[in-house]
S.K.: 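Quick one: structure below, then a few questions.
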Amino acid sequence: MRQPYLLEWLDILANVTLNPEKTPVQDITVQQVMVVMEKIRKETATIKSKLKHRVFSLTREKHIRILLENHYASIQILLAQVTQRKKNKTFQQEDLKQVLTLLEASLQDLLSFLETWFARYLNLEQLSKRRRNKIPITSPEEKILCSLSTDQTALVLRAADELRILKAKSMRSVFKTIVPYLATPHRQDLSYDSLRAKAYTPEEKDKEIAIAQLQRMIKKIKEY
């Protein structure tokens with residue numbers, strides 16, 4: 001039996017719903033934007049779960065490799081389309097820009113998920129191509145390893161910016177200045193725009209871990 005296309009909803013969102021040539025995107029209401037953003041979050045989590053289930057249900061490595069490489073390539077194509085669409089003047093409207101930023105971050109998150117869980121099945125040339133296509137960032141000679149995940153790091157930086165503990169002309173400036181100097185246990189080169197987008201899409205587990213680590217810091221400071 002033919003398996004369903006796991007990226008169908010994200011594909012329709014990117015190519016139809018958020019395509020000004022096919023849909024009057026500018027007429028989307030704020031309420032609809034909120035519904036779409038929540039659906040993006042849920043759909044991203046669902047895709048991860050279904051991909052793992054599908055991979056673990058397969059017995060032949062060839063079939064696993066084809067499944068993962070097809071999804072990886074499809075996500076790359078969608079990400080390229082979304083990134084290109086950000087240049088469209090329609091998406092300079094703040095709420096629409098926020099939707100596109102979230103969709104872009106979710107697609108990047110799915111690529112990272114595949115790279116983390118199933119790297120041995122993926123074509124290394126695909127991985128290197130993706131890395132070459134990233135926006136180049138001047139890397140410092142030495143990076144600071146942060147034991148938090150990218151999502152948890154993003155939450156801490158966002159809170160520090162909004163509380164004006166870290167002061168800059170914008171939150172983007174905070175991320176752009178700090179993130180290139182950070183690495184996580186799973187990622188050496190972090191995208192500051194991707195991290196900034198993740199700060200707006202926190203999962204409860206990541207919030208709990210970030211809070212727990214901050215509480216450890218508070219306890220340590222009290223001991224000084």
Side-chain angles (χ1 to χ4, degrees), residues 33-34 37-53 56 94-95 97-120 127 130-131 134-224:
V33 164
M34 299 303 294
M37 291 181 68
E38 182 61 27
K39 177 67 172 176
I40 291 173
R41 297 186 187 99
K42 290 181 178 178
E43 196 68 21
T44 303
T46 298
I47 291 170
K48 291 179 183 179
S49 176
K50 288 185 175 180
L51 266 174
K52 283 192 284 188
H53 177 77
F56 296 139
E94 190 57 39
D95 54 346
K97 183 192 295 185
Q98 197 172 358
V99 172
L100 218 56
T101 298
L102 174 59
L103 179 56
E104 182 181 42
S106 294
L107 291 168
Q108 289 174 333
D109 184 37
L110 286 171
L111 289 177
S112 298
F113 163 77
L114 288 173
E115 292 172 358
T116 301
W117 278 79
F118 307 111
R120 77 184 189 92
L127 293 176
R130 180 191 172 210
R131 294 189 182 106
K134 283 183 178 178
I135 299 173
I137 298 176
T138 303
S139 298
E141 291 184 5
E142 183 178 349
K143 290 199 173 191
I144 299 171
L145 180 62
C146 179
S147 61
L148 296 175
S149 71
T150 52
D151 301 67
Q152 295 150 19
T153 302
L155 281 173
V156 173
L157 289 178
R158 178 187 174 187
D161 171 75
E162 292 183 351
L163 292 173
R164 307 302 291 162
I165 295 171
L166 298 175
K167 295 183 180 181
K169 62 181 181 181
S170 66
M171 189 167 81
R172 187 172 188 272
S173 296
V174 171
F175 278 71
K176 186 176 181 179
T177 302
I178 295 175
V179 170
Y181 291 86
L182 298 177
T184 69
H186 300 293
R187 298 185 71 82
Q188 182 67 23
D189 297 311
L190 304 177
S191 163
Y192 62 85
D193 270 333
S194 174
L195 227 71
R196 182 171 61 90
K198 287 177 181 291
Y200 289 99
T201 59
E203 295 184 359
E204 285 301 318
K205 180 180 178 182
D206 289 316
K207 289 197 289 186
E208 290 170 3
I209 293 174
I211 290 169
Q213 294 300 323
L214 290 172
Q215 288 174 336
R216 289 181 63 208
M217 291 175 64
I218 293 170
K219 182 179 178 181
K220 176 57 66 176
I221 291 172
K222 287 180 177 179
E223 295 171 356
Y224 292 158

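All heavy atoms count here, side chains included; hydrogens, waters and symmetry mates do not.
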S.K.: Under 3.5 Å, is there a donor-acceptor pair linking the side chains of T153 and T150?
M.R.: no

S.K.: Could you tell me whether the side chain of T201 and the main chain of K198 form a donor-acceptor pair under 3.5 Å?
M.R.: yes

S.K.: Taking all non-hydrogen atoms of both residues into account, name the closest pair between A199 and L155 and its distance.
M.R.: O-CD2, 4.0 Å

S.K.: Please report the closest heavy-atom contact between S191 and V179, naming both atoms and the distance.
M.R.: C-CG1, 4.2 Å

S.K.: Rounded to the nearest 0.5 Å, what's the gap from CZ on R164 to CD on E162? Could you check?
M.R.: 10.0 Å

S.K.: Using 0.5 Å steps for rounding, measure from the CD atom of E104 to the NZ atom of K97.
M.R.: 12.5 Å

S.K.: Can you see which heavy atom on I40 is nearest to which on L103, and at what distance?
M.R.: CD1-CB, 4.2 Å

S.K.: So which atom in Y192 and which in F175 form the shortest heavy-atom distance, rounded to 0.1 Å?
M.R.: CB-O, 3.4 Å

S.K.: Measure the CG-CZ distance between L195 and R172 for me, rounded to the nearest 0.5 Å.
M.R.: 13.0 Å

S.K.: Around atom CZ of R216, are there more than 12 heavy atoms of other residues, nucleotides or ligands at under 6.0 Å?
M.R.: no

S.K.: CZ/R41 to CD/E203 distance, rounded to the nearest 0.5 angstrom?
M.R.: 10.0 Å

S.K.: Looking at K52, I'd like to know if its NZ atom is crowded, meaning that more than 12 non-hydrogen atoms belonging to other residues, nucleotides or ligands lie closer than 6.0 Å.
M.R.: yes

S.K.: Answer whether the closest heavy-atom distance between the side chains of E223 and K219 falls below 4.5 Å.
M.R.: yes

S.K.: Rounded to the nearest 0.5 Å, what's the gap from NZ on K39 to CG on L102? Could you check?
M.R.: 13.5 Å

S.K.: Going by the rule side chain to side chain donor-acceptor pair (under 3.5 Å), which residues pair with D206 if we only count those two or more places apart in sequence or in a different chain?
M.R.: Q152

S.K.: Take atom NZ in K176; do more than 12 heavy atoms of anything else shown fall under 6.0 Å from it?
M.R.: no

S.K.: To the nearest 0.5 Å, tell me how far F113 CZ sits from T44 OG1.
M.R.: 11.0 Å

S.K.: State whether K205 and E208 are salt-bridged, where the test is any N-O pair (Lys NZ or Arg NE/NH1/NH2 against Asp/Glu carboxylate O) under 4.0 Å.
M.R.: no

S.K.: Looking at D193 and R196, is there a salt bridge between them, counting it only when a charged N and a carboxylate O are closer than 4.0 Å?
M.R.: yes

S.K.: Would you name the heavy atoms of A105 and A197 that are closest together and state the gap between them?
M.R.: CB-CB, 3.4 Å

